[in-house]
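The structure under discussion appears below in the form of structure tokens.
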There are 2 protein chains.
Amino acid sequence: MATRLRRTQEERTNETRAALMEAAVSAVHRLGYGGATTALIADEAGVSRGALTHHFGSRAELMATVVQWVYEKELELYRDLLADGSRGQRVSDWPDIVWEVLSKPSGLAVLEILQATRSDRELAERVKPVQMAIEQAGIETMQARFGGDDDTRRATVRLIIWAIRGLTIEQMLVSDPTGVKASVDLLRLLLERAAPTGSMDDLQPVHRS
Amino acid sequence: MATRLRRTQEERTNETRAALMEAAVSAVHRLGYGGATTALIADEAGVSRGALTHHFGSRAELMATVVQWVYEKELELYRDLLADGSRGQRVSDWPDIVWEVLSKPSGLAVLEILQATRSDRELAERVKPVQMAIEQAGIETMQARFGGDDDTRRATVRLIIWAIRGLTIEQMLVSDPTGVKASVDLLRLLLERAAPTGSMDDLQPVHRS
DNA sequence: CCAAACAAACATACTTGCGTGTTCGTAATA
DNA sequence: TATTACGAACACGCAAGTATGTTTGTTTGG
């Protein structure tokens with residue numbers, strides 16, 4: 001540890017911003033969006049509120065940056081999980097993968113921030129583009145791997161992501177992690193049976209009514 | 001309309017409490033938990049803040065009552081939807097049914113309140129028992145209709161409910177209702193394929209790893 | 001049946017705590 | 001020494017809770 005006594009300005013900036021990001025994620029995860037006050041975040045990051053406001057003009061800006069920051073971490077994590085090529089080849093692999101990524105505290109924190117979007121116009125405008133980029137990236141990743149038309153792909157990505165997100169909420173409400181995971185396994189089972197080849201073409205007949 | 005000039009005390013109580021409940025649901029739905037201030041709720045209910053505090057000692061008590069109130073409405077709605085016996089016989093019927101119930105504003109509002117539970121201890125203690133009763137009721141309803149062991153049932157109920165809840169969040173973030181519904185249809189498709197007989201016994205092999 | 005006494009429902013105004021943004025001062029780096 | 005990073009203290013607004021007054025309904029003694 002022991003940060004050198006003399007750091008470059010860029011290092012100082014990066015380190016305190018990172019500390020603030022981690023503190024913000026932790027605080028939002030534990031206390032919810034409303035409970036994650038700027039004073040508390042600064043305190044847990046080991047800096048003053050002045051430092052926080054120096055780097056982020058407003059709470060909304062801080063939170064929007066958190067979304068962006070987590071998004072980048074998640075991308076890395078997806079890359080790591082898919083690195084050896086043994087996972088992610090079949091659609092049914094994805095519930096577990098997405099669960100590993102989104103059930104982390106950062107996933108919960110982002111979800112909180114997304115919901116807070118509704119009562120905070122500034123936050124909404126900052127977060128919206130980021131969030132759209134995320135979903136689009138997910139769909140394009142799927143496109144590269146599986147078949148299926150655009151609508152099927154979008155419906156599948158949405159179902160997996162938001163089922164997982166929903167279950168992460170349940171998980172933290174009941175504080176029974178193992179139990180919730182059973183539902184993730186069930187989703188995998190459903191996908192295995194419905195798309196035995198692992199391709200998305202099997203899920204085509206989504207259109208009716 | 002024209003409420004009679006003279007109402008009994010009980011009528012007065014019931015009417016303003018109902019007005020407050022509806023206003024609270026609407027406000028939380030539109031503005032999120034944080035944005036639904038007591039002043040705003042009272043205003044939209046057409047009563048004073050004093051009236052609100054007379055009936056509910058605290059904001060937490062009001063919100064907890066909302067959860068209870070919505071829960072009862074939802075139970076009625078389930079009964080109505082299942083009344084003619086044409087629906088709900090197969091497991092794959094349930095995504096649509098749950099969607100119809102939980103995608104209403106009241107469903108979103110309750111979800112918001114549930115999340116707010118984390119930053120508000122008083123709220124948590126008031127809401128927790130209610131929420132546990134709800135899940136239990138859902139599981140028992142399933143038990144009466146379908147087979148499957150207890151774990152499978154619980155996993156299935158959780159998956160359906162929280163997948164739907166997650167999708168309702170997505171729905172209001174993207175403001176594209178029809179698109180999100182496609183994911184609900186997909187979930188039904190998955191269940192149809194995985195449990196063709198409609199029974200839950202088909203979903204048994206949930207246990208692994 | 002009436003009127004006074006009571007109780008419950010509702011309204012208004014105040015108080016207080018808290019969280020954000022801001023300002024100004026200090027330390028570290030370039 | 002100039003600029004950037006950071007810290008301490010302050011100011012402002014807002015929202016929940018509280019205290020007190022007013023209206024409406026209910027009950028009871030005559």
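Remember, predicted model here, so these are calculated numbers, not experimental data. Reminder, nothing fancy here: chain letters follow the sequence lines and each chain counts from 1.
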d(CZ, A:Arg12; P, C:dT29) in whole Å: 5 Å
Cation-pi, A:Trp162 ring and A:Arg158 (6.0 angstrom, 45 degrees): no
Report, one line per pair, each donor and acceptor closer than 3.5 Å where one atom sits in a side chain of residues 124-134 of chain A; sequence neighbours left out.
from: A:Arg126; atom 1: NE; to: A:Glu122; atom 2: OE2; distance (Å): 3.3
from: A:Arg126; atom 1: NH2; to: A:Glu122; atom 2: OE2; distance (Å): 3.4

Check this for me, if you would: do A:Arg87 and A:Glu100 make a salt bridge, where the nitrogen-to-carboxylate-oxygen distance has to be below 4.0 angstrom? yes
Any ion pair linking B:Lys181 and B:Asp96 (charged N to carboxylate O, less than 4.0 Å)? yes
Output yes when at least one side-chain N/O atom of A:Thr37 is less than 4.0 Å from OP1 or OP2 of C:dC18, else no. no
Between C:dC10, D:dT18, D:dA15, spot the one nearest the side chain of B:Arg49, thanks. D:dT18
Can you measure A:Met63 atom CE to C:dG19 atom C1' for me and round it to whole angstrom units? 12 Å
The nucleotide from C:dA11, D:dA8, C:dA9 with an atom nearest the side chain of B:Thr13 is C:dA9
Which whole-number value in Å describes the distance from B:Asp120 CG to C:dC18 P? 14 Å
Could you pull out every donor-acceptor pair under 3.5 Å between side chains of residues 46-56 of chain B and any protein atom, sequence neighbours left out?
from: B:Ser48; atom 1: OG; to: B:Gly50; atom 2: N; distance (Å): 3.3
from: B:Ser48; atom 1: OG; to: B:Ala51; atom 2: N; distance (Å): 3.1
from: B:Arg49; atom 1: NH1; to: B:Thr38; atom 2: OG1; distance (Å): 2.9
from: B:Thr53; atom 1: OG1; to: B:Arg49; atom 2: O; distance (Å): 3.4
from: B:Thr53; atom 1: OG1; to: B:Gly50; atom 2: O; distance (Å): 2.9
from: B:His55; atom 1: NE2; to: B:Thr16; atom 2: OG1; distance (Å): 3.1

Can you check whether B:Thr16 has a side-chain N or O nearer than 4.0 Å to OP1 or OP2 of C:dC10? yes
Specify whether B:Phe146 and B:Trp94 have parallel, tilted or perpendicular ring planes, treating 30° as the upper limit for parallel and 60° as the lower limit for perpendicular. perpendicular
Using whole Å, report how far CD of A:Glu61 lies from P of C:dT20. 14 Å
Checking C:dA30, D:dG7, C:dC10 against the side chain of A:Thr8 (C-beta onward), the nearest is C:dA30
Among residues 52-59 of chain B, which ones have heavy-atom contacts with DNA chain D below 4.0 Å? B:Thr53, B:Ser58, B:Arg59
